Amino acid sequence: MKTYNEFKQNKDNSFYKEKFNSIQTNLQFMLKKQGIRNFMITSANMSEGKSFASANIAEVFAEKGNKTLLIDVDFHRPSLRKYMQVSENVGTIDYLMGEIELEEACQDTHHPNLKLMPTGIAPPNPSEWVDSAEMRQLIEVAKQTFDYVIIDAPPLLPITDSRILSSLCDGVLFVAFVKKTKRSEIKQAMRYLEIADANVIGGILNGVVVSKNDRKGYRYKY
Ligand SMILES: Nc1ncnc2c1ncn2[C@@H]1O[C@H](COP(=O)(O)OP(=O)(O)OP(=O)(O)O)[C@@H](O)[C@H]1O
Ligand SMILES: [Mg+2]
């Protein structure tokens with residue numbers, strides 16, 4: 001993934017900005033309606049745009065005046081720290097292990113309303129930390145401190161982490177990539193979410209060709 005700064009210089013930046021603004025507006029209505037302020041972003045497979053979407057959606061929440069925390073819980077393929085150019089790699093795992101307080105795990109970003117909790121250095125058994133009382137407590141404490149708590153999660157099909165996380169989060173936003181995510185994979189991922197009793201608040205279709213220039217956008221559906 002390109003870095004945040006490279007993305008800002010990209011000629012398509014305003015195009016994506018508009019898409020994510022619209023997604024965030026729909027999402028905020030949905031969250032308000034349900035009275036929730038926390039959700040995770042997942043998809044069926046790897047590389048379907050979860051991290052890119054979560055970073056951009058979190059940024060719009062922050063720009064609209066909300067104190068926002070983006071937590072990286074993809075211990076297998078963490079990418080937000082690099083994308084947002086946060087040098088400190090202290091975050092989720094360090095907090096879960098009880099080594100630091102919430103404030104120390106929340107790193108500054110380019111926007112004053114937006115904090116990033118990077119994964120930290122993942123231990124050999126990261127999945128065990130997803131399914132823990134500490135993870136449940138992290139989400140609860142974060143909600144007391146921030147207006148919105150957004151979690152970038154791993155894909156649902158290859159590993160169990162997101163099935164567990166989905167039952168701890170107040171909502172789940174599902175990303176699928178046009179012509180890449182198979183219908184059968186979406187069905188299986190949805191079955192997992194259903195079994196976990198997850199609250200699916202919406203879906204994003206990524207990679208939709210929306211212009212003559214073949215720009216690939218995101219579209220929100222719920
Ligand atoms: N709509 C899009 N247009 C152009 N590039 C995109 C789009 N969505 C995602 N990408 C690019 O695809 C790559 C994968 O995206 P991203 O890292 O967000 O996926 P992911 O689902 O989080 O992957 P992982 O499973 O590794 O966590 C990145 O390089 C990202 O910049
Ligand atoms: Mg990712």
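Small disclaimer: the values here were computed from a predicted structure and weren't measured. Whatever order the structure lists them in is the order used to number ligands and atoms, beginning at 1.
Among the backbone and side-chain atoms of Ser51, an N, O or S atom lies under 2.8 Å from the Mg ion (ligand 2).
Close approach of ligand 1 to Asp74 (heavy-atom distance below 4.0 Å) involves ligand atoms 27 (O). Using a 4.0 Å cut-off to heavy atoms of Glu48, the atoms of ligand 1 that qualify are 19 (O), 20 (P), 21 (O). Close approach of ligand 1 to Met46 (heavy-atom distance below 4.0 Å) involves ligand atoms 25 (O).
When only interatomic distances are considered, the shortest N/O to N/O separation between Asn206 and ligand 1 falls below 3.5 Å. In terms of polar-atom proximity, Lys50 is counted as a contact of ligand 1, with an N or O under 3.5 Å from an N or O of the ligand.
Looking at heavy atoms from C-beta onward, Ile41 lies in side-chain contact with Ile57 at the 4.5 angstrom threshold.
Looking at Asp170 and Arg37, no side-chain N of the basic residue comes within less than 4.0 Å of a carboxylate O on the acidic one, giving no salt bridge. Using a 4.0 Å cut-off between charged side-chain N and carboxylate O, Arg191 and Glu194 make no salt bridge.
Among Phe52, Phe177, Tyr16, the residue whose heavy atom lies closest to atom 4 (C) of ligand 1 is Tyr16. Taking all heavy atoms of Ser47, Gly49, Ser79, Ser43 into account, the minimum distance to atom 25 (O) of ligand 1 is reached by Ser47.
Rounding to the nearest 0.5 angstrom, the gap separating the CG atom in Leu31 from the CD1 atom in Ile150 is 8.5 Å.
Just one residue in the list Glu134, Glu101, Gln137 forms a side-chain hydrogen bond (donor to acceptor under 3.5 Å, both in side chains) with Tyr95, and that residue is Gln137.
The closest side-chain donor-acceptor pair between Asn21 and Glu63, if any, does not fall under 3.5 angstrom.
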